[in-house]
Amino acid sequence: MEEQFEALVEGILEQGYGTAPGFFDEPLVKELRENLQKKLADGEMRPAGTGKQFTFQKNVALRGDLIAWIDEKHPSSPELAFLDRIGAFVQYLNRTCFTAINGLEFHYAFYGEGSFYKRHLDQFQHDRGRKFSVVTYLNDAWLPDDGGELVLYLPQGEKTICPEAGRIVFFKADEIEHEVKPARRDRMSIAGWLLSVSPVEL
């Protein structure tokens, strides 16, 4: 387990991002994908927007995904397994890198055919709590021709990542701009952030 954690950390230190295929095993990915599909069928997925609180606005020119937040206080069994694995990674980060992560926020993300998310930064202008972005892919048998790639804009150039099932991508929320290219089939993931917030914010 810690070998994958270390690979993610080394990736950020050496190239500005970390990624690990098979970070979540196939049975768990399948259960999480089914959770997302059920939320979609039940009308629980909502159009995503930009900004926070009073600055929140829907912007279909920027992004076209539907999202549903994971309730950390009442997770389903597969969500609990997902959060436990992320929690173990956070403990490793705090122990080895002194990152002071003390919070999480994650949501399911559904991109229908043709949907995208243009180049952006995962950090609010007046809220610096998001320290690391984390994306996990739930797609079954994804092929390069299916599109929907994650593009990271790094100092050394662009990096394109295929959203294959079980893969995790990890990068600094306030440094790495990125985008999601249009998908040619339904694209599913869990996206979120590792937070470092003050006791007042908690």
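No experiment lies behind these values; they were computed from the predicted model shown.
The hydrophobic cluster of L80 has no other members, since no ILVMFWY side-chain heavy atom comes under 4.5 Å of it.
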Please tabulate, one pair per line, all N/O donor-acceptor pairs under 3.5 Å involving side-chain atoms of residues 24-33, not counting sequence neighbours.
unit_1 : atom_1 : unit_2 : atom_2 : d
D25    : OD1    : L28    : N      : 3.0
K30    : NZ     : E34    : OE2    : 2.6
R33    : NH1    : L138   : O      : 2.7

Throw together a table of side-chain donor-acceptor distances under 3.5 angstrom for residues 149-161, partners on residues two or more places apart or in other chains.
unit_1 : atom_1 : unit_2 : atom_2 : d
Y153   : OH     : E179   : OE2    : 2.2
Q156   : NE2    : Q15    : O      : 2.9

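Relative orientation of the F23 and F89 rings is perpendicular, given thresholds of 30° and 60° on the angle between their planes. Ring pair H107/W193 is tilted by interplanar angle, where 30° to 60° counts as tilted.
Identified under the salt bridge (Lys or Arg N to Asp or Glu O under 4.0 Å) test for residues 87-102, with sequence neighbours left out: E2-R95. Residue pairs meeting the salt bridge (Lys or Arg N to Asp or Glu O under 4.0 Å) criterion with at least one member in residues 3-20: none, sequence neighbours excluded.
A donor-acceptor contact closer than 3.5 angstrom is absent between the side chains of Q4 and Y92.
Between E177 and the options K118, K172, R119, a salt bridge (charged side-chain N to carboxylate O under 4.0 Å, His left out) holds for only R119.
Under the ring-ring contact (aromatic ring centres under 6.0 Å, His included) criterion, F171 pairs with H178, sequence neighbours left out.
Taking the side chain as every heavy atom from C-beta outward, E79 and F106 never approach each other to under 4.5 Å.
Annotation for P163 and N139: closest pair O-ND2, 2.8 Å, computed over non-hydrogen atoms.
With rounding to the nearest 0.5 angstrom, the CD1 atom of I70 is 10.0 Å from the CG atom of L104.
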